[in-house]
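Worksheet: one structure, shown below.
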Number of protein chains: 2
Amino acid sequence: MPDYKAPLRDIQFVMNEVLESDKHYASLPGCEDATPDMISAILEEGAKFSERVLAPLNQVGDREGCQFNDGEVTTPTGFKEAYQQYVEGGWPSLAHDPAHGGQGLPESIGTVISEMVGTANWSWGMYPGLSHGAMNTLSEHGTDEQKHTYLTKLVSGEWTGTMCLTEPHCGTDLGMLRTKAEPQADGSYKITGTKIFISAGEHDMADNIIHIVLARLPDAPAGTKGISLFIVPKFMPEGDGIGARNGVACGSLEHKMGIHGNATCVMNFDAATGYLIGPPNKGLNCMFTFMNTARLGTALQGLAHAEWGFQNSLVYAKERLQMRSLTGPKNPEGAADPIIVHPAVRNMLLTQKAFAEGGRALIYFCAQLVDKVKLASDEEKAEADALLAFLTPIAKAFLTEVGFESANHGVQVFGGHGFIAEWGMEQNVRDARISMLYEGTTQIQALDLLGRKVLMSQGESLKGFTKIVHKFCKAHAEDEQMKPFIEPLAKLNQEWGELTMKIGMKAMQDREEVGAAAVDYLMYSGYVSLAYFWARMAAKAQNAVAAGTDEEAFYKAKVTTANFYFQRILPRTRGHVEIMQSGAANLMDMDVEHFVF
Amino acid sequence: MPDYKAPLRDIQFVMNEVLESDKHYASLPGCEDATPDMISAILEEGAKFSERVLAPLNQVGDREGCQFNDGEVTTPTGFKEAYQQYVEGGWPSLAHDPAHGGQGLPESIGTVISEMVGTANWSWGMYPGLSHGAMNTLSEHGTDEQKHTYLTKLVSGEWTGTMCLTEPHCGTDLGMLRTKAEPQADGSYKITGTKIFISAGEHDMADNIIHIVLARLPDAPAGTKGISLFIVPKFMPEGDGIGARNGVACGSLEHKMGIHGNATCVMNFDAATGYLIGPPNKGLNCMFTFMNTARLGTALQGLAHAEWGFQNSLVYAKERLQMRSLTGPKNPEGAADPIIVHPAVRNMLLTQKAFAEGGRALIYFCAQLVDKVKLASDEEKAEADALLAFLTPIAKAFLTEVGFESANHGVQVFGGHGFIAEWGMEQNVRDARISMLYEGTTQIQALDLLGRKVLMSQGESLKGFTKIVHKFCKAHAEDEQMKPFIEPLAKLNQEWGELTMKIGMKAMQDREEVGAAAVDYLMYSGYVSLAYFWARMAAKAQNAVAAGTDEEAFYKAKVTTANFYFQRILPRTRGHVEIMQSGAANLMDMDVEHFVF
């Protein structure tokens with residue numbers, strides 16, 4: 001049976017040693033409570049809950065899925081009880097405002113908990129994950145009354161939340177959405193329309209569900225500038241509890257490739273009562289608050305499936321005996337050698353490890369930026385905001401792409417057994433597949449990165465990051481041990497800017513060049529970003545070894561993995577460099593009519 | 001709903017124009033019947049059967065799966081009836097010896113039928129596919145009596161066959177297998193043991209099932225040199241039909257990621273009566289006949305999922321309206337442009353197209369080699385055999401890897417809808433995933449290619465192919481229009497040899513270097529091989545356009561796709577070149593004990 005062990009040592013390495021979270025929290029107002037001891041205690045509790053309660057339900061969720069019966073949704077065995085434990089443990093309130101019952105801890109600590117929860121059981125983690133998005137939206141854009149009525153209940157976990165964006169005819173292109181909001185005399189609205197792909201849209205885990213819904217006012221301008229945001233509760237709030245049922249119901253559940261334990265609902269709004277959040281026609285702007293959180297949350301999914309794949313395929317690779325090492329038996333007493341002796345198996349294990357641990361560093365770095373955007377002084381905040389805007393599409397798209405790749409390596413290590421359900425490896429692939437699609441596909445993230453972020457800022461957005469990399473390379477220029485990392489990294493960092501210039505010049509002639517280069521540009525950016533984090537981790541690990549440590553194995557493995565990353569993963573950039581410069585013509589020259597079979 | 005249209009025009013382009021099958025068949029004894037008109041008629045019938053009977057059952061098979069009930073297996077609705085039609089149409093006998101009821105057509109025509117059948121419904125196609133493997137084994141290694149008793153019934157399709165290799169503790173490492181064969185006084189054997197992953201091991205489609213089983217004689221040497229091959233029928237043959245039930249039964253069905261319509265069985269042999277095929281202890285050699293067929297058959301699966309993905313995502317990309325082209329509306333009357341206007345979508349469509357059509361050329365080329373191995377004169381036969389041995393692991397591993405990639409592009413074109421079962425795109429991914437695992441994983445194929453084929457022949461095996469490429473490049477050296485293809489191809493062809501030399505030198509120092517380089521070497525070889533076929537196709541298409549044609553769209557699309565392949569796919573070789581030369585140390589330096597989480 002597959003299993004999950006929270007990689008607490010690695011989590012602490014990234015948080016404490018690489019990203020120096022003690023200094024980070026000490027520098028932010030309101031983070032005084034986040035002492036290393038307290039963080040450590042929280043993480044240990046989160047690890048226990050994830051390992052003992054959630055991980056055992058991961059296969060159950062996949063096998064049973066959610067059941068739909070006349071508008072009601074039943075979640076898989078144990079999901080509801082696990083949610084009760086989660087609420088009792090106070091987890092929903094972790095990173096929320098004490099004014100509404102929250103514990104006021106920094107978002108970056110919530111991110112680590114989300115990582116453990118999501119790796120143990122992604123389908124389950126989506127229920128509180130969606131609530132978290134709804135809470136952030138309410139917290140940022142709701143009125144005091146709305147916060148009092150809805151946010152408090154979400155923070156306590158008594159109620160859960162959703163985000164209702166997609167409609168059957170529009171996903172990426174939200175400007176086309178049709179759901180209507182008709183103003184009522186009492187200041188409320190009647191919401192009517194159909195939303196699809198609503199995760200956690202209906203379930204049996206909480207008393208009430210608060211839908212955050214995009215809809216159009218009667219006089220709204222066409223397109224994205226005519227979209228407003230509404231709160232639509234499943235049950236109308238009444239006193240401290242719930243009252244009448246509102247006109248929103250789940251019409252059906254989707255049959256999906258994976259994340260079976262999560263209810264993906266068609267939601268029908270039939271003159272449902274709703275309340276405007278934020279200014280009219282500014283719904284999409286308000287929604288971006290949620291989307292950025294959601295994109296980082298989805299980046300976590302890439303890490304989650306890489307970690308799960310790594311852990312389980314590593315156990316198998318050490319146990320499964322098959323063939324002899326090409327350089328002679330390594331397990332002469334056994335019938336064969338464990339497959340971890342084979343270079344090709346090691347390659348798959350190290351690829352997963354490199355993406356999981358490198359991805360962890362990238363995401364935790366982003367999570368610290370989220371803290372800064374929320375809490376730092378204006379100047380630091382603006383800088384963090386710009387950097388986060390640049391890194392978010394990279395983290396989302398790159399990490400989900402390599403997370404899916406990693407999940408597939410996990411299957412491959414198992415050979416034919418990887419295809420069989422009981423081992424849990426194929427579920428990991430199926431669950432991972434959605435991550436490149438929802439919250440904006442890889443292709444959309446790539447356009448966001450290259451078009452909206454990098455080129456629209458004349459490259460400033462990229463420079464915000466490359467100057468950090470440059471500074472790091474300069475600081476380690478004299479370090480002989482770091483040479484195998486610093487030399488290639490510095491070179492790539494320079495190339496990154498040059499490539500951007502070249503594509504930018506071409507894009508001025510032909511805007512299709514942006515779309516034609518974007519995905520390769522994004523993947524390139526991902527590989528280089530992770531190289532930076534691997535170099536940072538290698539530096540810390542080398543220092544630790546040099547200073548003397550009783551954890552030499554841990555630190556040496558870090559350096560070996562960094563070396564692997566630089567020698568066996570980073571060369572992939574070579575293809576992307578050529579392809580992104582190959583121009584739009586090789587894609588656009590084909591007449592639409594010539595696309596036939 | 002997903003659908004399939006047999007790409008007859010492209011099939012004929014590859015067969016007739018690129019590979020000149022008229023000359024090919026005319027040169028082989030016994031292929032006189034394979035006239036272009038006859039082939040065309042057969043392909044049209046095969047297309048109809050695949051499109052109308054099999055394709056509509058593809059989703060049914062996935063949804064229903066096979067049912068197990070106390071040793072009996074029920075195939076999905078319609079599978080049995082489709083098999084009856086297949087038998088009535090005479091399809092099982094197509095490429096088999098007239099002496100046993102076959103039609104005596106060349107194997108290469110059977111390959112095209114298998115492509116259409118498998119693309120329409122891979123799970124269904126595996127039932128006759130396994131029979132085909134059993135027939136080839138019997139045909140090559142069986143006695144006249146065995147052929148009379150078993151082969152005739154398999155050729156007619158009344159009975160089906162299986163291949164029983166894998167056991168719970170051994171897949172790749174067949175030397176470890178434990179199934180026993182005890183000789184009986186009457187010359188038969190009692191076979192006892194458990195086999196797993198037996199495709200089509202039990203079902204309700206035919207009266208009898210003939211298992212071809214690997215087992216060990218009592219006095220057999222250990223390892224792979226002590227394995228023999230046996231025929232074990234489900235029912236003992238009696239007269240012209242079946243008699244008593246034999247001691248072999250299906251113990252359970254596996255729950256799998258995909259190919260749900262195919263019964264993947266645990267088969268228990270309990271003193272089942274079996275008959276030796278081929279010499280004692282030479283079972284593995286005999287099995288290689290089957291394995292090579294099976295590997296080419298699995299290569300077809302890569303093509304199948306790329307073609308299915310391409311066809312269905314192309315239809316969607318032309319219909320789905322979402323966003324505007326970056327260079328202004330292309331469908332101004334509509335609410336948005338069809339997504340095929342976006343470069344990133346075209347990139348995914350063209351990638352699928354390039355792999356499907358390029359893969360078709362590679363496989364049909366291999367199929368012609370199979371014909372030659374069977375029918376040509378000794379010298380030509382030996383040459384074809386060597387070339388086929390070289391290309392088989394490339395075709396199997398490379399095409400299944402890029403077939404899986406293509407299936408994922410198919411999902412990605414659909415956005416979130418790609419994850420939903422009803423569209424059929426996620427099934428295509430799940431069904432494709434097994435192809436990199438069974439019949440030898442990608443990693444095993446890579447070792448076979450680089451270790452056993454290329455390095456063990458001192459590079460001769462590679463030269464057999466590179467000299468063909470070289471000859472082609474030379475023949476087109478003066479053709480200005482072909483320059484964009486010939487220049488890079490010639491360069492790669494030379495580099496291929498140089499890389500092989502370098503790795504060969506390193507491997508003499510350290511055998512781990514073979515395993516460390518093999519997968520990247522294989523992928524590199526795949527990209528270069530396909531480049532050769534794309535260049536050949538481009539040459540034919542350019543000639544057709546120059547000569548004047550009423551199918552200009554078809555030929556121009558070929559040239560555009562070739563161009564796309566060279567500019568956007570082939571640069572991937574750059575990463576593989578660096579990685580395969582990076583050495584084994586970056587994989588082997590990590591102590592096993594340091595692999596932890």
Side-chain angles (χ1 to χ4, degrees), chain A residues 5 7 171-173 176 197 254-257 311 314 322-323 326-327 335-336 340 342-344 346-347 349 415-416 418-421 426 433-434 437-438 441 443 511-512 514-516 519 553 556-557 560 563-564 567-568 571-572 574-575 578-579 582 584 586-587 589-590 592-595 597, chain B residues 5 7 171-173 176 197 254-257 311 314 322-323 326-327 335-336 340 342-344 346-347 349 415-416 418-421 426 433-434 437-438 441 443 511-512 514-516 519 553 556-557 560 563-564 567-568 571-572 574-575 578-579 582 584 586-587 589-590 592-595 597:
Chain A
K5 191 171 158 294
T172 297
D173 198 353
M176 291 163 77
F197 298 166
E254 303 286 358
H255 296 98
K256 315 183 295 286
M257 183 181 194
Q311 291 195 7
L314 175 58
Q322 208 79 177
M323 310 299 281
L326 289 175
T327 48
I340 198 170
H342 306 304
R346 287 171 162 251
N347 190 43
L349 293 172
F419 198 66
I420 306 299
E426 59 89 31
R433 186 62 187 85
I434 188 63
L437 297 165
Y438 59 14
T441 62
Q443 289 68 26
R511 296 211 54 204
E512 301 291 10
V514 181
V519 171
K556 282 199 168 163
T560 316
N563 193 48
F564 166 83
Q567 295 194 21
R568 287 197 172 253
R572 297 183 186 183
R574 298 306 92 205
E578 277 196 32
I579 297 165
S582 73
N586 53 35
L587 297 171
D589 276 358
M590 182 95 108
V592 173
E593 302 72 42
H594 291 186
F595 274 100
F597 48 84
Chain B
K5 191 172 159 295
T172 297
D173 197 353
M176 289 163 78
F197 299 167
E254 303 286 357
H255 296 100
K256 314 183 296 285
M257 183 181 194
Q311 291 196 7
L314 175 57
Q322 208 79 175
M323 311 298 282
L326 289 176
T327 48
I340 197 170
H342 306 303
R346 286 171 162 251
N347 189 44
L349 293 172
F419 198 66
I420 306 300
E426 59 90 32
R433 186 62 187 86
I434 187 64
L437 297 165
Y438 59 14
T441 62
Q443 289 68 28
R511 295 211 53 206
E512 301 290 9
V514 182
V519 172
K556 282 198 169 166
T560 316
N563 193 47
F564 166 84
Q567 294 195 22
R568 287 199 172 251
R572 297 183 187 183
R574 298 307 91 205
E578 277 196 31
I579 297 166
S582 73
N586 54 33
L587 297 171
D589 275 358
M590 181 96 107
V592 173
E593 301 73 41
H594 291 186
F595 275 99
F597 48 85

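Closest approach of B:Gly515 and A:Pro343 over heavy atoms only: C-CB, 3.7 Å. Shortest non-hydrogen contact noted between B:Ala344 and A:Val519 is CB-CG2, 4.5 Å. Residues B:Gln567 and A:Asn586 come closest through the heavy atom pair OE1-ND2, 2.8 Å. Closest approach of A:Arg568 to B:Ala516, counting heavy atoms only: NH1-O, 3.1 Å.
Atom OG1 of B:Thr560 sits about 5.5 Å away from atom CE of A:Met590, to the nearest 0.5 Å. A distance of 8.5 Å separates OG1 of A:Thr172 from NE2 of B:His342, quoted to the nearest 0.5 Å. Note: B:Ile340 CD1 to A:Phe595 CZ = 4.5 Å, rounded to the nearest 0.5 Å. Note that CE of B:Met323 and CE of A:Met176 are 10.0 Å apart. Values are rounded to the nearest 0.5 Å.
Top candidate by heavy-atom pairs under 4.5 Å with chain A, chosen from B:Asn347, B:Asp589, B:Val514, B:Leu349, is B:Asn347. Here A:Leu314 is the residue among A:Leu314, A:Thr441, A:Asn563 with the most heavy-atom pairs under 4.5 Å with chain B. Residue with the most contacts toward chain A among B:Arg511, B:Glu512, B:Gln311: B:Gln311 (heavy-atom pairs, distance under 4.5 Å). For the set B:Pro7, B:Pro571, B:Ala335, the entry with the most heavy-atom pairs within less than 4.5 Å of chain A is B:Pro571. Heavy-atom pairs under 4.5 Å with chain A peak, among B:Arg433, B:Arg572, B:Lys256, at B:Arg433.
For A:Ile420, the parts lying near chain B are the backbone and the side chain together; criterion is any non-hydrogen pair under 4.5 Å. Heavy-atom distances place both the backbone and the side chain of A:Ile434 under 4.5 Å from chain B. At a 4.5 Å heavy-atom cutoff, the contact between B:Phe197 and chain A is made by side-chain atoms alone.
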Full working for side chain to side chain contact (heavy atoms under 4.5 Å, CB included) between A:Phe419 and B:Glu254:
CA-CA 9 Å; A:Phe419 198 66; B:Glu254 303 286 357; over 6 Å; no

Step-by-step side chain to side chain contact (heavy atoms under 4.5 Å, CB included) determination, B:Lys556 to A:His594
CA-CA 8 Å; B:Lys556 282 198 169 166; A:His594 291 186; 4.1 Å; yes

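Contact of the B:Glu578 side chain with the A:Arg574 side chain is registered, since non-hydrogen atoms from C-beta on lie closer than 4.5 Å. Proximity of B:Arg346 to A:Val592: side-chain heavy atoms (C-beta onward) are separated by under 4.5 Å at one or more points.
Proximity of a side-chain donor or acceptor of B:Asp173 to a complementary backbone N or O of A:Gln322 within less than 3.5 Å is not detected.
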